[in-house]
Colleague: 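Before anything else, here's the structure in question.
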Amino acid sequence: MSSQLFDAIDLLAEEKGIEKDILIEALEAALISAYKKNFQSATNVRVELNEEKGSMKVFSRKAIVEEVEDSQQEISLDEAKEIDPNYELDDVIEVEVTPKDFGRIAAQAAKQVVTQRVREAERGVIYSEYVDREDDVMTGIIQRKDARFIYVNLGKIEAKLAEAEQMPTEEYDIHDRLKVYVTKVENTSKGPQIYISRSHPGLLKRLFEMEVPEIYDGIVEIKSVAREAGDRSKISVYAENEEIDAVGSCVGPRGQRVQAIVDELKGEKIDIVEWAEDPVVYVSNALSPSKVIDVLVNEEEKATTVIVPDYQLSLAIGKRGQNARLAAKLTGWKIDIKSETEARNEGLMEIDSEVTEEESYSMNDDDLFE
């Protein structure tokens, strides 16, 4: 065993980012396997590698007994005492059994085993690097596509973007660069597997954390996210400090912060509303951009009846019920929307009420860039 082998191990450890001890253990295991295979030995053996001397020795471990029944596993007390008079019964003795031509045979047999261990260690390094990225946003480049997945290169590994996790309004072309949300990292027999999403609500949340310093610093808190990917989303935010405008912080100067997120999501509309502990206020805000006259709350069923002006009914419900549906997901409250006329006919309103002003913002507002 020459010192060149140890030099090669040092180089492998540096290039692959693998701990040297892992490679040494793999090499020892490979040499033990080679010895047993090539010399038909069932003996319990140990390999000793000496990096300084560049040497390799094989030792057979034998139990000291009175009467030897298996010479490969046992040695008599008399033979043991010839080696060292201090040995006693039931001790274990190590006898060097290194064959003269073992270096050549071992090198051939060890190559495949070491290569496998290196591959396993590399997979472990990659898994360790990416497992902490679950629920995080990463930037990747689309490498290829098949019937089931779009494969996105995240640097050291390809992640899988399933059809169900794609945005229905988005086209995916080879070499496109895009931000993805890491939903799961698994360590399988085939190596690490990373699953990503473009439609997950977590992507929207992380993009706001990246784009809005107040959220990143914890000054503004994201309370809830409701998303219909590629079409429209709602996000509720809150600042404990009353002097902080939570919604305004997310919008940014002339809408620049939220516009950057809209651009990343290829035009997905985003409503940013202020969270409130009072369900009357929160549900009213969540139905942005529509105006609300009143909210009737049923605490037991966690349901609300929302009354809106007649001319705002279609806006409050939204196209195919989308606005009401997202507001319900956002708040966690059931929402039944009624027009002012319908509410009066059902006796839900007895006196005139004024439309409440909402502390909310929508990408649909006409005054965004005024």
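Side-chain atoms are counted along with the backbone in the values below, which use heavy atoms only and exclude waters and symmetry mates.
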Colleague: Any non-hydrogen side-chain atom of Leu89 less than 4.5 Å from a side-chain atom of Glu66?
Modeller: yes
Colleague: Using 0.5 Å steps for rounding, measure from the CD atom of Glu264 to the CG atom of Leu204.
Modeller: 11.0 Å
Colleague: Linking I/L/V/M/F/W/Y whenever any side-chain heavy atoms sit under 4.5 Å apart, do Ile142 and Leu154 land together?
Modeller: yes
Colleague: Using a strict 4.0 Å threshold on nitrogen-to-oxygen distance, state whether Lys266 and Glu170 make a salt bridge.
Modeller: yes
Colleague: Quick one, Val283 and Asn285 - any side-chain contact, counting heavy atoms below 4.5 Å?
Modeller: no
Colleague: Taking 4.0 angstrom as the limit, do Arg257 and Glu214 come out as a salt bridge?
Modeller: yes
Colleague: Locate the shortest heavy-atom distance separating Cys250 from Ile272; write the atom from each residue and the value.
Modeller: CB-CD1, 3.8 Å
Colleague: May I ask you to decide whether Glu94 forms a salt bridge with Arg46, counting only side-chain N to carboxylate O separations under 4.0 Å?
Modeller: yes
Colleague: For Thr183 and Tyr195, indicate whether the former's side chain and the latter's backbone hold a donor-acceptor pair under 3.5 Å.
Modeller: yes
Colleague: Assigning hydrophobic clusters by single linkage (Ile, Leu, Val, Met, Phe, Trp, Tyr; side-chain heavy-atom cutoff under 4.5 Å), is Leu315 placed with Leu326?
Modeller: no
Colleague: For Gly202 and His200, work out which heavy atoms get closest and say how close.
Modeller: N-ND1, 2.7 Å
Colleague: For Asp173, does the CG atom sit with more than 12 other heavy atoms under 6.0 Å from it, leaving out its own atoms?
Modeller: yes
Colleague: Looking at Arg206 and Pro201, would you say the former's side chain and the latter's main chain have a donor-acceptor pair under 3.5 Å?
Modeller: no
Colleague: Closest approach of Ser290 and Asn323, non-hydrogen atoms and distance?
Modeller: OG-ND2, 4.3 Å
Colleague: State whether the number of non-hydrogen atoms from other residues, nucleotides or ligands found under 6.0 Å of Tyr216 atom OH is greater than 12.
Modeller: no
Colleague: Find the distance between NZ (Lys160) and NZ (Lys184) and round it off to the nearest 0.5 Å.
Modeller: 10.5 Å
Colleague: Should the pair Arg123-Glu120 be classified as a salt bridge under the 4.0 Å nitrogen-to-oxygen rule?
Modeller: no
Colleague: Any luck finding a side-chain donor-acceptor pair between Thr305 and Asp336 under 3.5 Å?
Modeller: no
Colleague: With no hydrogens and no angle check, do the side chains of Tyr181 and Asp136 hold a donor and an acceptor under 3.5 Å apart?
Modeller: no
Colleague: So, applying side-chain contact (heavy atoms from CB on, under 4.5 Å) with Lys269, which one of Gln322, Lys234, Arg232, Glu228 is it?
Modeller: Arg232
Colleague: Are the side chains of Gln166 and Ile150 in touch, meaning some heavy atoms are under 4.5 Å apart?
Modeller: yes
Colleague: How close do Ser60 and Val45 get, counting heavy atoms only, and between which atoms?
Modeller: CA-CG1, 4.1 Å
Colleague: Asp176 versus Ile141: any side-chain heavy-atom pair under 4.5 Å?
Modeller: no
Colleague: Less than 4.0 angstrom from a charged side-chain N to a carboxylate O is my criterion; do Arg144 and Glu158 meet it?
Modeller: yes
Colleague: Between CD of Gln256 and CD1 of Ile261, what distance do you get to the nearest 0.5 Å?
Modeller: 12.5 Å
Colleague: Decide whether Glu268 and Ser233 meet the rule of one side-chain donor and one side-chain acceptor closer than 3.5 Å.
Modeller: yes
Colleague: Do we get Lys81 above Tyr87's six-membered ring, with its NZ or CZ under 6.0 Å from the centre and within 45° of the axis?
Modeller: no
Colleague: Enter the distance from Lys57:NZ to Leu49:CG here, rounded to the nearest 0.5 Å.
Modeller: 12.0 Å
Colleague: Quick one: OH on Tyr282 to OH on Tyr238, what's the gap to the nearest 0.5 Å?
Modeller: 12.5 Å
Colleague: Nearest 0.5 angstrom please: Ile244 CD1 to Glu221 CD, how far?
Modeller: 14.0 Å
Colleague: Can you find a heavy atom in the side chain of Val58 that is under 4.5 Å from one in the side chain of Ile32?
Modeller: no
Colleague: Would Ile337 end up clustered with Val297 when hydrophobic side chains under 4.5 Å apart are linked, directly or stepwise?
Modeller: yes
Colleague: Can you confirm whether Leu203 sits close enough to Arg198 that some side-chain heavy atom of one is under 4.5 Å from a side-chain heavy atom of the other?
Modeller: yes
Colleague: Do Leu296 and Val281 belong to the same hydrophobic cluster, where Ile, Leu, Val, Met, Phe, Trp and Tyr are linked whenever their side-chain heavy atoms lie under 4.5 Å apart, directly or via other members?
Modeller: no
Colleague: Less than 4.5 Å apart, side chain to side chain, heavy atoms only: is that true for Ile64 and Val92?
Modeller: no
Colleague: Quick check: closest heavy atoms across Tyr130 and Lys156, and the distance to 0.1 Å?
Modeller: OH-N, 3.1 Å
Colleague: Taking all non-hydrogen atoms of both residues into account, name the closest pair between Ile335 and Ala324 and its distance.
Modeller: CD1-O, 4.4 Å
Colleague: With a sphere of 6.0 Å drawn around CD of Glu171, does it hold more than 12 non-hydrogen atoms of other residues, nucleotides or ligands?
Modeller: no
Colleague: Got a salt bridge between Lys338 and Glu346, using NZ or NE/NH1/NH2 to carboxylate O under 4.0 Å?
Modeller: yes
Colleague: Would you mind reporting whether Val212 and Val220 have side-chain heavy atoms less than 4.5 Å apart?
Modeller: no
Colleague: Are side-chain N/O atoms of Glu186 and Thr188 paired as donor and acceptor at under 3.5 Å?
Modeller: no
Colleague: Are a donor atom and an acceptor atom from the side chains of Gln73 and Lys62 found within less than 3.5 Å of each other?
Modeller: no
